Structure formats: C-alpha cells, structure tokens
A.B. asks: 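Right, I'll just put the structure down here and ask away after.
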There are 4 protein chains.
Amino acid sequence: MTKRLPEDPAKKARMLTAAIQLFAEQGYEPTHVDQIAQQAAVSKGLVFKYFTNKEQLYLAALTAANQQFMTVIDRTVWQNSADLSAMIINATRYKIQLQLQFPAEFNLLMTAFVHQQQLPASSQAYVQKMFVANHDLTSELMTPVVALLQFKPGATAADLLEVIGYITNGYIHKIQRYLAAHPEITKIEQMEPLIQDLATKLKLVESGFIQG
Amino acid sequence: MTKRLPEDPAKKARMLTAAIQLFAEQGYEPTHVDQIAQQAAVSKGLVFKYFTNKEQLYLAALTAANQQFMTVIDRTVWQNSADLSAMIINATRYKIQLQLQFPAEFNLLMTAFVHQQQLPASSQAYVQKMFVANHDLTSELMTPVVALLQFKPGATAADLLEVIGYITNGYIHKIQRYLAAHPEITKIEQMEPLIQDLATKLKLVESGFIQG
Amino acid sequence: MTKRLPEDPAKKARMLTAAIQLFAEQGYEPTHVDQIAQQAAVSKGLVFKYFTNKEQLYLAALTAANQQFMTVIDRTVWQNSADLSAMIINATRYKIQLQLQFPAEFNLLMTAFVHQQQLPASSQAYVQKMFVANHDLTSELMTPVVALLQFKPGATAADLLEVIGYITNGYIHKIQRYLAAHPEITKIEQMEPLIQDLATKLKLVESGFIQG
Amino acid sequence: MTKRLPEDPAKKARMLTAAIQLFAEQGYEPTHVDQIAQQAAVSKGLVFKYFTNKEQLYLAALTAANQQFMTVIDRTVWQNSADLSAMIINATRYKIQLQLQFPAEFNLLMTAFVHQQQLPASSQAYVQKMFVANHDLTSELMTPVVALLQFKPGATAADLLEVIGYITNGYIHKIQRYLAAHPEITKIEQMEPLIQDLATKLKLVESGFIQG
DNA sequence: AATGAATGAGCTTTCATTCAT
DNA sequence: CATGAATGAAAGCTCATTCAT
C-alpha cells in the first residue's frame, strides 16, 4: 500500500534532522557524512543520492532549520504587544521556546554565520541572503511598534532598533550558553528570571540608566 | 651566560604570525600546516617540533594573539576618561586602532569563540578561560568609571556594563565587517563617523531614548 | 501452445541495442548499467534479471552484435565474384554497408578485442572463440576463390590470404575512422573512392609493385 | 651522503615501471593506484605527490614508455639497409628485440590507442599526438629507401608504404600474441622463422603473388 | 514480472604526522 | 637542530548489485 516514493520523506527528514544536529554540534568540517547517515539510519549512498554532496546537505540542513522557524513563527507575538518592552519580552520568550523546542535547529542557525568562510563562495552568498532576509523580517515586525514611540531629540527609531538588536542578540547568546550548560531546563518558566532581567534592561535603555 | 635556547625565537615568531593570519582568514580545518610552514619559511617538521600538533599550534596562535593585545594594551585609555561615554569612545577608538594595526590577531580572536566546538574538550576549556579573562579585564577597567555614576532606582552598574558589553560587542562586529568590506581604510580618522554614531547611541542608552 | 516465455523479447532487444551502442561508444567500464537501462526504457533491476551482471550483459551484447552480422551476412557476395580483386571489393563494399547500417554493432566488435583484458579469464576465452570463428568464416569464404589462382613458386594461397587479411583489416580501421570523422556519410556510394583505392592496392599486391 | 631529493628517481622509476606494467596488463580502469603503489613498494600518497592523479600517471607511463623506445631506437637499422625487404626485416627484428626487452612498455603503447576513449578529451589529444609523431617517424625513416624503387605504372611509393604499414602492423600484433602465448621465448633467434615468413610475404608483395 | 530505492564495498584523493637524512 | 620526503588513516563520492514493494 505504502508505495515507495522516489524520495522517502521520512528518510529525508531523518537525514536532515541528523545533519542539523551534527552540523550544529560539531561544525561543518568535523562532521562526516558517514556519521549523518548512521544517525539517520540510512546508507551513505542514500545521503548523496538525496543531497548530491556534503555542501548541498549542509545548505539543505540550514534551509530546513530556517524553514522550520519560518513556518512555526507566530507573528502575533510581535504584533499583539502593548509596548516595546512587552514586545521584546514576548519575542524573547518565544525565541527561548523555539530554542527549547528545536535546540539543534537553533544552534545550527546561530553558528552558520561563522561557518560561512569554510563554504564555497556560492554557498556563502546563499547563507548571507538567508540572514539578511531574517534580519529584514525582524525589523519589519518591530517597526510598527517602535513607530509609536515618542523619541527624544537626537534619537531615532532606527537607533533604538539597532541598539535593541545588539542587546537581544547578545542576550540570546547568553541564554543559549545558559541552556547548553543546564540541559535539565525544559520549560520556559524556568527561564523567566532571565527574561525578566532582559526586560528590566530594555526598560532602562528606553528611559535611561542615569539619574537626572 | 645565557643558556642557548633550543628554540629559535625568530622562527617561532614567524610560525605564529603565519598561523594567526591563516587561521584567521580561513578557519581551523581549511588551514593546512603546510601552508603555515611555507608562509613562515620554515619546514613542516619544525612546526611540529615547536608545537606538537595542529591543535596546539592553533592554541598557541590564539594565545600569542591575545598576548599581543595584552602587552600592547594601554590602560590609560580606560582610566583617563572623564565620563562613561568618553571612556567607551576612547576604548572603541583604541580597539579600532588595534584592529587596523593587528587585523589578523583581531580576526582570529573574534572567530576563535565559534571554532571552540571543533577543538577537543581540553582545549575548549583553555579558550574559554582566555575569553573569560578578557571579559574580566574589560569589566575591571570599566568598573571605576561606572562606579561614579548616579544610577536610577532599579538600575545597577552591573546592568549598565552588561548592556554596554552587548552594544560594543555588536558594534565591534559591525566595524569589523565594515573594515573587511573597505580594505582601503588604514587610518582611524576614516572611522570617526562610526565612532561618533556609537557615542550617540551610548549616550542615549545612558539617558534614555524615550521622551518623558 | 507456445509456452509463455518469462522474458519479454522486445525489452530484451531494447536492452541489447542500448548495451551495444553504449559499450561501443564509451567502452566497458565507463558505461553504467543505469545508462543502459534508461536508454532501453526498462528498469535497472530488469537488466540484472535478464543478464545476471554487467559482464554477462557485455558478453550478450557482443554475441548479439556478432549474431546480427551472422544472420544478415550474404555469402553470395563472396561466392559470386569473378576473381580475387572483385571478391575483396565486393566484400569490403559489403562490410562498409554493414558498418553504415549497424554502426554500433560494428564498433563494438572492433573494440571488443582490446577490451578482452578487462574481462575475467572465462569471458576472454568466449570472446576469443568468437573472433576465431569469424576469422575462420572469412577464410572459408575466400578459400575457393583463392584456390583458382596461379601462384608463383614460393607463394601459397595461405600467404596471400594472410597478407590480404592484414591489408583489409588495416583498411577497415581506416574506413571506420573516416566514417567516424564524417558522420554525414550515409550511402555506400560516397565511399566508392576509398574502395577503388583499396582495389588498386590489392591488385598491386597480386601482381607486384615493382618493375621487372 | 645520498641526499634525499625532492623526487627520488629510483622511486619514480619504480612507480612508472609498475604503472606501465599494470596499465598494460589490465587496462586503465581496472588498474588501481593502490596496486601500482604496492608493486612499486611506495605509499599511495607518494604516487599522488609525484603524478597528481591517476590520469596524469597514465599519461606519464605512456610518455615514459614512448621515451624509452625513442631513446633506445637505432635509426641505422632503417638507414643501413640494402633494399626494402632487408629494411623491413631489420626493423621488424629490431622491434621484436624491443618487445622482448621491454614487453610492458610495448604492450602499453599497443593498447593505449584503444584506451583513448576512456580518457578525458585533453588526454586523448595528447595520446593522439604521440601516435601521429610515431607514425611520422616511421614514414620518414622508410621514405628514402622506398624512393629508390622502380614502381610499375599505377603504383606509387605512398601506396606501397601504406600496404607495408598494414602488413607490418598486423604482423607485429601476430608476434605480440605469439610472444604472449610463449613466455619461454627470450631470444630474438627463436623468432627467426616468423621473421623469415614476413620477409617472404613482403618480397611477394613487391614482386607479386600471381603468375604472369 | 517489474521497479528503482537502497546498499556498501571500494575507489581516488588529502593531509596531519613521522622520521631518515 | 632542521628538513621535507614519505606515510597511511580517513574522507568524500560512485556504482554494481540487491530486494522490498
């Protein structure tokens, strides 16, 4: 009944899952196609049949991880927030959720940027494009909320977005390291203190740290 | 009187310089010991005699790059600053200077963090330690200046330092990308606009972006 | 009445045709069973079902090509010739005709001899036998005509046959190269100059090149 | 004392000898670089260091075999012959000598022509050129002797050269097969009957097989 | 009977490491 | 001490062959 398809989606998924995990854990070069095949419980040959070569497999893993987030992503998290702080907190909480849910995908995307230099130029462009698109999406989602703010003279929405970008980016890395060091954490609630800490800091960035 | 060292310091230095440059440019795996030996104008055998294996060589290059900055570093840049903004600007200007002066060392240290995962656990710890030490140094240098500030209730020096850390870190990456894209830039003056932009942003972080 | 054969003759024929063509064009190793199956519009599995393995397929292709000529061959071409020259010309013209009609089969047989060494000893013997049989047939066909000649003292029919064999063999290769280089040639008439040239040469061999 | 050279001529020679022998015996594809390395008593890696890749190794083997004959070749064999028959016999005797002395080189060159189709186009051109050069040399050597002959009307030197070419070529193959089947033959004298047979045939070609 | 997805042995090639000189 | 020729384990990839469907 289950006709064998030219590409078995279950197998392809297993390969991608294995690729995502191993590339994320070990990086591009130290990960061997053999390993991925073994972890996916398929033969080496099949990996090459489905993905042509190691580089394409890496790119496919990256795309799959990205797609994963793109399909899962809940824009309302950004859109239904009362103010900037609430939005960032929602977004961060959401990102942590994703990180808990899809840790390998998350890690792969986080490290992909630096592995670029090890890929052929053509693939680098592809990775680059993906990251730009992601960044654009985030900006697009945040823009309407920031637009409502009353900025001090000399301050602009763009400035604030850039600064917030640096902070959240740094914070996401912090959280990632934290989660890597505490594998027992499985629920978003356990991360609430960190989230609140970020909230406080962002609030202070909005209103200023310094008296007077 | 001085015991003749079995190691030729000039050759060792050349090896490290070559290693720093090539590891920085290409990453760990794609850099071959052959290349390093050739660029250092020594034999491959000598590289292994001095550094045991490729991994140790990488670690030595990292340490050397770090040392380079540690020796060169001018603490007065941090200490002789009137206020926080001035200090950060001075520090950033100084970092850009270093980046222009020692681009390979700078890039190596910037990418080292992500190459960690490709090293054996023992080496990872070493790299980790180096980064922590660096971070601690920066904090130590900044602490006295931040201590003078009058913080709003709920805000702490540690909070501000952390936030500033994220921002400067993000900004350093931005500058690095900028410099990589504009190799014609050789003087710190040409980077002044970016530095001023960072200053503005940090000022706004101190006092707040939002009206009221 | 006629037992239903488990083998579909049409499919088998397609496989053999494809095998003949591809083996002739590319040689044994560079030709993949995949290609043959695809060109024959059957599945790879069927190829193995019908021919056991690649080597047997090659042998079958060879046999089929040989059979092709054996069935088609018109003995009257040899038998109804007035004299030796006429016979050789008739035979050569006939061979060119076959070459134009069945180029793949022709090329396969021409190259088979040298591909022998790449086959297991048992198959080599088979190929060898086929070539000997072919040679014997040619001799057999020529013998009655040569028997009528009046040989000089010291000359024998066998000598002449052998010499003619070398010449026609060399000439067939020449023609094959010529046809490969001129794919626009499709009619025997276009080859007439070469045939006449061969005739002249054979005539000279019979009567001698040298004055006196 | 024996300084290790960047290319050890003894090793290189061993590799080439092994390559020549194995490529000659087995053909291009069925010969594995592993085998050649083993037979040459060097590591696989060294073969690639010296010859870049398998194809280059094949070409090097071919060139070496060709060179072997070119350096060894004794033109006087052709030049100091009283008449055509004597020349051909001398040349053939000489070729058999070479074949006995360098059987692998001889076989490699004999089979190279047909292995062409298995090589990349660029290498095909190289092989082609080598064969043309060889053919040209033979023609050049024979021309002066043939020029002295008195040809019958309708016969030309070129015709005779071509015919002789076919015959000697066919005969060389015959001899090669004979030697392959009789490995106990090591001296040229043992081949004398075949040589005399060829002489007889060529004489008959000159003067004609047929009475009147 | 027919398919073609799946397998894995085996190939070429690379490069960290060794060691004779 | 210094060299770089030599090594061979291990990588990516191919393709004849198998076998579940």
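It should be emphasised that the depicted structure is a prediction, and the values quoted were computed from it without experimental measurement. Letters A, B, ... are given to chains in the order of the sequence lines, protein chains preceding strands, and every chain is numbered from 1. All values below come from the heavy atoms of this structure, side chains included, with hydrogens, waters and symmetry mates left out.
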A.B. asks: In whole Å, I'd like the distance from the CD atom of A/Gln38 to the C1' atom of F/dG12.
C.D. replies: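 Atom CD in A/Gln38 sits about 16 Å away from atom C1' in F/dG12.
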
A.B. asks: Round to a whole Å and report the spacing from CZ of C/Phe51 to C1' of F/dT17.
C.D. replies: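 About 16 Å, once rounded to whole Å.
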
A.B. asks: Categorize D/Lys12 for me: base, sugar-phosphate, or nothing, with a 4.0 angstrom heavy-atom threshold over every strand shown.
C.D. replies: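 Counting heavy atoms under 4.0 Å across all strands, no contact is made by D/Lys12.
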
A.B. asks: Check every atom of E/dT3, F/dA2, E/dT12 against the side chain of B/Tyr50 and return the nucleotide holding the closest atom.
C.D. replies: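 When the side chain of B/Tyr50 is considered, F/dA2 is the closest of E/dT3, F/dA2, E/dT12.
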
A.B. asks: Ignoring the backbone of D/Lys54, work out which of E/dA2, E/dA1, E/dT12 is nearest its side chain.
C.D. replies: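 Shortest atom-to-atom distance from the side chain points to E/dT12.
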
A.B. asks: Contacts to DNA chain E from residues 26-33 of chain D, heavy-atom cutoff under 4.0 Å, which residues?
C.D. replies: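 Nucleic-acid contacts, sorted: D/Thr31, D/His32, D/Val33.
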
A.B. asks: Just to verify, which of A/Ile36, A/Val42, A/Asp8 counts as forming a side chain to side chain contact (heavy atoms under 4.5 Å, CB included) with A/Arg14?
C.D. replies: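 Among A/Ile36, A/Val42, A/Asp8, the one that satisfies the side chain to side chain contact (heavy atoms under 4.5 Å, CB included) with A/Arg14 is A/Val42.
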
A.B. asks: Surrounding CD of B/Gln38 (heavy atoms of other residues, nucleotides or ligands, distance under 6.0 Å), is the total greater than 12?
C.D. replies: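 Counting neighbours around CD of B/Gln38, 12 or fewer heavy atoms of other residues, nucleotides or ligands fall under 6.0 Å, so no.
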
A.B. asks: Parallel under 30°, tilted from 30 to 60°, perpendicular over 60°: which one fits the rings of A/Phe23 and A/Tyr28?
C.D. replies: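 Because their plane-to-plane angle is under 30°, the rings of A/Phe23 and A/Tyr28 count as parallel.
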
A.B. asks: Would you check if A/Phe102 and A/Ile20 make a side-chain contact, meaning some heavy-atom pair closer than 4.5 Å?
C.D. replies: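 The answer is no, as the side chains (C-beta and beyond) never meet within the 4.5 Å cut-off.
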
A.B. asks: Identify whether any heavy atom of D/Lys44 sits under 4.0 Å from a base atom; if not, whether one sits that close to sugar-phosphate; answer base, sugar-phosphate or nothing.
C.D. replies: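 Base contact.
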
A.B. asks: Just do the side chain to side chain donor-acceptor pair (under 3.5 Å) check on A/Gln26 and A/Gln35 with the steps written out, would you?
C.D. replies: CA-CA 11 Å; A/Gln26 307 176 335; A/Gln35 283 178 51; 3.3 Å; yes

A.B. asks: Which part of the nucleic acid, if any, lies within reach of C/Lys11 when heavy atoms closer than 4.0 Å are counted: base, sugar-phosphate only, or nothing?
C.D. replies: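 It contacts sugar-phosphate atoms only.
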
A.B. asks: What is the distance, to the nearest angstrom, from the CD atom on D/Glu7 to the P atom on F/dT3?
C.D. replies: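 Atom CD in D/Glu7 sits about 21 Å away from atom P in F/dT3.
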
A.B. asks: Look at B/Ser43 and F/dT3 and indicate whether a side-chain polar atom (N or O) is within less than 4.0 Å of OP1 or OP2.
C.D. replies: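 Yes, such a contact exists.
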
A.B. asks: B/Gln35 CD to E/dT14 C1': how many Å, rounded?
C.D. replies: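 Interatomic distance, CD of B/Gln35 to C1' of E/dT14: 13 Å.
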
A.B. asks: Would you kindly give the CD-to-C1' distance between D/Gln56 and E/dT12, to the nearest whole Å?
C.D. replies: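 Atom CD in D/Gln56 sits about 14 Å away from atom C1' in E/dT12.
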
A.B. asks: E/dG10 C1' sits how many Å from D/Asp34 CG, rounded?
C.D. replies: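 Interatomic distance, CG of D/Asp34 to C1' of E/dG10: 10 Å.
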
A.B. asks: What is the distance, to the nearest angstrom, from the NZ atom on D/Lys49 to the P atom on F/dA5?
C.D. replies: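 Roughly 5 Å, once rounded to whole Å.
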
A.B. asks: For D/Lys54 and D/Glu29, work out which heavy atoms get closest and say how close.
C.D. replies: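 Heavy-atom minimum between the residues: NZ-O, 3.4 Å.
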
A.B. asks: Closest approach of A/Glu105 and A/Gln68, non-hydrogen atoms and distance?
C.D. replies: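 Heavy atoms of A/Glu105 and A/Gln68 come nearest at OE2-NE2, 3.7 Å.
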
A.B. asks: If I take atom CG in residue C/Leu57 and atom P in nucleotide F/dT17, what distance separates them, rounded to the nearest angstrom?
C.D. replies: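 It works out to 10 Å between those atoms.
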
A.B. asks: When you match D/Gly45 and A/Phe48 each to their closest nucleotide on DNA chain F, which lands nearer the 5' end?
C.D. replies: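 First, find each residue's nearest nucleotide; the 5'-ward one identifies D/Gly45.
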
A.B. asks: Need to verify one output field. Residue with the more 5' nearest nucleotide on DNA chain E, D/Thr52 or B/Asn53?
C.D. replies: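 In this pair, the answer is D/Thr52.
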
A.B. asks: Is it true that the side chains of B/Thr63 and B/Tyr126 contain a donor and an acceptor less than 3.5 Å apart?
C.D. replies: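 Yes, side-chain donor-acceptor contact under 3.5 Å.
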
A.B. asks: Show, in sequence, the C-alpha distance, side-chain angles and deciding distance for A/Leu108 and A/Gln21, and conclude whether the side-chain contact (heavy atoms from CB on, under 4.5 Å) test is met.
C.D. replies: CA-CA 7 Å; A/Leu108 182 63; A/Gln21 196 199 111; over 6 Å; no

A.B. asks: Are there runs of at least three consecutive Watson-Crick or G-U pairs touching DNA chain E, with each pair's two distances under 3.5 angstrom? Give them by first number.
C.D. replies: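 So the stems come out as E:2-21 with F:2-21.
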
A.B. asks: Might you work through the side-chain contact (heavy atoms from CB on, under 4.5 Å) test for A/Phe51 and A/Leu59, ending with a clear yes or no?
C.D. replies: CA-CA 9 Å; A/Phe51 299 100; A/Leu59 254 27; over 6 Å; no

